[in-house]
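Step one of this worksheet: look at the structure below.
Throughout, a chain's letter reflects where its sequence line sits, starting with A, and its residues are numbered from 1. These figures come from a predicted structure and were not determined experimentally.
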Number of protein chains: 2
Amino acid sequence: MKAKATLKQIAKELNVSVSTVSKALNDSPEISDLTKIKIKEYAKLKNYKPNVIGLNLKNRKTKTIGVIIPNILNSFFAKVFSGIEKIADEKGYNVIMCISNESAEKEAHTLEMLSNGTIDGFIVSVSEEAQKNQDYEHFSAIINDGTPIVMFDRIAEDVDCDKVIVDDFDSALNSTQHLIDLGCKNIALLSSIDNLSVGKLRAEGYLKALENNSISVNNDIILRTDSEDDLKDKIERVLENKIDGIFALDENDSVAALRIALRKGFKVPEDISIIGFADGILASRRLSPSLTTVSQHGIEIGEVAAKLLIDRLESKEEHVPYETVVIKTKLKERESTRKL
Amino acid sequence: MKAKATLKQIAKELNVSVSTVSKALNDSPEISDLTKIKIKEYAKLKNYKPNVIGLNLKNRKTKTIGVIIPNILNSFFAKVFSGIEKIADEKGYNVIMCISNESAEKEAHTLEMLSNGTIDGFIVSVSEEAQKNQDYEHFSAIINDGTPIVMFDRIAEDVDCDKVIVDDFDSALNSTQHLIDLGCKNIALLSSIDNLSVGKLRAEGYLKALENNSISVNNDIILRTDSEDDLKDKIERVLENKIDGIFALDENDSVAALRIALRKGFKVPEDISIIGFADGILASRRLSPSLTTVSQHGIEIGEVAAKLLIDRLESKEEHVPYETVVIKTKLKERESTRKL
DNA sequence: AAAATTAGTACAAATGTTTGTGTAATTCCC
DNA sequence: GGGAATTACACAAACATTTGTACTAATTTT
């Protein structure tokens, strides 16, 4: 365990003062060339690197971003993270990642832990529990303490901060309309995320599309739940009704629906067309038939969120107004929807 | 932007010294109960939290781990990370995550950046480029500087440090043997990761199994490449040979093989049995037929790696010998292998 | 040659903590 | 009541850094 070189050590060994070493290494004109060269050579020899903690303390910032997401195994969040990491790296920031596991308490605890000097700002997607309980106090507290937060995807309307969202309502509306245009008359809605803000918005988009086309709502073919318990059974029950289209609000639901439909002997897309929200990297594209999906551009969401945060951190202005950026989704047509 | 409370501010406003405030908040017996109460109440009012950077400087450690993985969109790495995060959180550590994108340069740069006070130790899976070039100097340099590293999955044999690996050779041997036991005579090997240490070991396990069963090696049905260019064509060419079993060395290969086999009219598992390495959360389990996989226990790998690192960081001993932990894989039989 | 300038350093303060040592004032005991 | 012990706090150093100011020579200027 070699001790790392510090200014002090170098100063002592070269019989100069700490400030001289610091200034020499920073090429200050105050220091003579001779001394500079001597110090720089010695520093190189000792493999000196300025200790970041000392710098952090002096500068009162750490060039580190805290990211809190509910679950890294969800590939949507993994994609967002990779977008965040890309921008952060480009701009010289590090990223501390914490997983809330959908727990409001861990979320709050993490915010507390990191907001006392460790990080300069947060990027967060709100945990399920916090959304369920509409419990957003912990966010406001942190923001009031002067640490900026950017929320993405699962946001808290009431909290005043930068936000990056997908146009959930519109894309659900458009996707449903697409199914209707394909000739579907009985379109089932499958949602196991009805507790999330995004789930609610998507469901509303679906309903709006029905309304626009004067299609009456059939509650037997609408599944809105907030748990995955018995999901298969529930979907199975929906599929017992007369159905020629399925709109699923997340990847889980859509993949499950496809499997169950196939097992029940439906032909996809001949009998039933399926569209699902998804941003998995493996699943939907590779199933047979491959699933038509609403692509959420996870990486772009991450990039935009990181840019928003870093811009705010580096802005000279005190009171930059908060922004909400809406990322447009895109319908990726694959084999699970029949052609016009 | 409210300024955060510091000991100094509190001291000034209560007309006591900084040390008195610090000691009061830490319940030192030196301070009278009256003063303690007064100070604690005021601190609470001001929502005082000790600044972590100051503490870090004092303690010369940050309780932060740096994780460097090649790609977070690979769900194996996402699983490992979630294991790391779990243990880190339990033990009060934060995790800085960096993505090397398979670049040796970014890997080296990240190690440099973080090893000067930001983190206490690293957990790393080596980038493809570094493995290809056998370029491990950057790791040794960091370790020599006194920052411990734990490597997992893709390791560098020559670097002296803690390691967590999967028993790649044995599990490839066993999987291949399993196919042989099922009656397969012509087992293809598909690898698009022949540049990685793990890819080579798995291929060797396959060959050993053939040898053990006196099956001669047929190079026409062995695909060993280090790129995914034209992967489909290459696999297609392999499948033009007489084949009744496929052993694929990663998820990509196995999923591609299944699709191509099905398209070529093979019945799975009747005509061909398929086993693939995989740790995707969505794909293999959900395909039809579902794929029999070698499960790599990503989460456990992450947990073990984090424990190794934290134990070392917190050990009083100077020279704890380095350890290499082997995690056993498990064959998850699904529909793509026929039954005995 | 004395004064002014300049170069090349050292010193000190600041960032926020913790902690060992020092120092008044009070209490104790005989 | 006076020396010892105790109480309750202040002071200072340390962690690693940057940076403004002060100081000491040497050089230049007049």
Side-chain angles (χ1 to χ4, degrees), chain A residues 3-40 42-43 46-64 113-120 145-147, chain B residues 3-40 42-43 46-64 113-120 145-147:
Chain A
K4 276 162 198 162
T6 69
L7 290 183
K8 198 199 261 189
Q9 284 170 20
I10 296 177
K12 197 159 90 187
E13 295 180 48
L14 292 183
N15 266 313
V16 293
S17 77
V18 171
S19 59
T20 304
V21 180
S22 172
K23 285 175 180 170
L25 294 175
N26 288 317
D27 250 333
S28 159
E30 289 179 49
I31 307 296
S32 70
D33 288 347
L34 189 78
T35 317
K36 272 189 200 167
I37 290 172
K38 205 172 57 185
I39 291 178
K40 281 184 181 174
Y42 192 76
K46 289 286 178 178
N47 194 28
Y48 170 79
K49 302 270 161 44
N51 178 298
V52 188
I53 302 292
L55 280 171
N56 287 346
L57 189 58
K58 188 113 209 3
N59 302 333
R60 283 139 104 225
K61 61 182 181 181
T62 60
K63 293 212 113 192
T64 302
M113 287 295 295
L114 295 182
S115 64
N116 295 106
T118 309
I119 54 90
D120 296 341
D145 267 11
T147 304
Chain B
K4 275 161 198 163
T6 68
L7 290 182
K8 198 198 262 190
Q9 284 170 22
I10 296 177
K12 197 159 90 186
E13 294 178 50
L14 291 184
N15 266 311
V16 293
S17 77
V18 171
S19 59
T20 304
V21 180
S22 172
K23 285 174 181 171
L25 294 175
N26 289 318
D27 251 334
S28 159
E30 289 178 48
I31 307 298
S32 70
D33 288 346
L34 189 78
T35 317
K36 272 188 201 169
I37 291 171
K38 206 172 56 184
I39 290 178
K40 281 184 182 174
Y42 191 78
K46 289 285 177 178
N47 192 29
Y48 170 79
K49 301 270 161 45
N51 177 299
V52 187
I53 302 292
L55 278 171
N56 287 345
L57 190 58
K58 188 111 210 358
N59 302 332
R60 283 138 103 228
K61 61 182 181 182
T62 60
K63 293 210 115 193
T64 302
M113 288 295 295
L114 296 182
S115 63
N116 296 106
T118 309
I119 54 89
D120 296 342
D145 268 11
T147 305

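Across all strands, A/V16 comes closer than 4.0 Å only to sugar-phosphate atoms, never to a base (heavy-atom distances). Here B/K8 lies in heavy-atom contact (under 4.0 Å) with sugar-phosphate atoms only. Looking at heavy-atom distances under 4.0 Å, B/K36 makes no contact with the nucleic acid at all. Heavy atoms of B/N116 sit nowhere under 4.0 angstrom from any nucleic acid atom. Within the 4.0 angstrom heavy-atom criterion, no nucleotide atom of any strand lies near A/S28. Residue A/I53 is classed as having no contact, given no heavy-atom separation below 4.0 Å to the nucleic acid. Note on A/K61: nothing from the nucleic acid sits closer than 4.0 angstrom, heavy atoms only. A/N15 comes within contact range of the sugar-phosphate backbone alone, with a heavy-atom separation under 4.0 Å but no base atom that close. Within 4.0 Å of B/T6, counting heavy atoms only, lie sugar-phosphate atoms of the nucleic acid but no base atom.
Rounded to an integer number of Å, the gap from CG of B/L25 to P of C/dT19 is 13 Å. In this structure, CG of A/L34 is placed 10 Å from P of C/dG8, rounded to the nearest angstrom. If you measure from atom CG of B/N51 to atom P of C/dA14, you get 17 Å, rounded to the nearest angstrom. Rounded to an integer number of Å, the gap from A/D27 CG to D/dT19 P is 13 Å. The interatomic distance linking A/N56 (CG) with C/dT17 (P) rounds to 14 Å, in whole Å. Per the geometry, NZ belonging to B/K58 stands 17 Å off P belonging to D/dA12, to the nearest Å. One interatomic measurement links the two molecules: CG of A/L57 to C1' of C/dT15, which rounds to 4 Å at whole-angstrom precision. Here C/dG16 presents its P atom at 8 Å from CD of B/Q9, a figure rounded to the nearest Å.
The environment of B/K46 atom NZ is sparse: at most 12 non-hydrogen atoms of other residues, nucleotides or ligands sit within 6.0 angstrom.
At least one side-chain nitrogen or oxygen of A/T20 sits closer than 4.0 Å to the OP1 or OP2 atom of C/dA10. For the pair A/R60 and C/dA14, the criterion of a side-chain N or O lying under 4.0 Å from OP1 or OP2 is not met. For D/dC9, one of the phosphate oxygens OP1 or OP2 lies less than 4.0 angstrom from a side-chain nitrogen or oxygen of B/T35. Between B/N26 and the phosphate of C/dT18, there is a side-chain N or O to OP1/OP2 separation shorter than 4.0 Å.
A donor and an acceptor atom sit less than 3.5 Å apart, one in the side chain of A/K23 and one in the base of D/dG20. Evaluation of atom-type donor-acceptor distances gives a pair under 3.5 Å for the side chain of B/S19 against the base of D/dC11.
No side-chain heavy atom of B/I53 sits less than 4.5 Å from a side-chain heavy atom of A/R60. The shortest side-chain heavy-atom distance between A/L14 and A/I39 falls under the 4.5 Å cut-off. Contact annotation: the side chain of A/D27 approaches that of A/K40 to within less than 4.5 Å [non-hydrogen atoms, C-beta and beyond].
With C/dT15, C/dT17, D/dT18 as the candidates, the nucleotide lying closest to the side chain of A/S22 is D/dT18. Of all nucleotides listed (D/dA16, C/dA10, D/dC9), D/dC9 comes nearest to the side chain of B/S32. Comparing atom distances between the A/P50 side chain and each of C/dT9, D/dA16, D/dT17 picks out D/dT17 as nearest. Of the candidate nucleotides D/dA8, D/dT21, C/dG16, D/dT21 has the atom nearest to the side chain of A/E30.
Under the 3.5 Å distance criterion, the side-chain polar atoms of A/K36 are matched with a main-chain donor or acceptor of A/S28. A donor-acceptor contact shorter than 3.5 Å links the side chain of B/T62 to the backbone of B/T118.
A/S115 and B/K4 form no side-chain donor-acceptor contact under 3.5 Å, judged by distance and modelled atom types alone.
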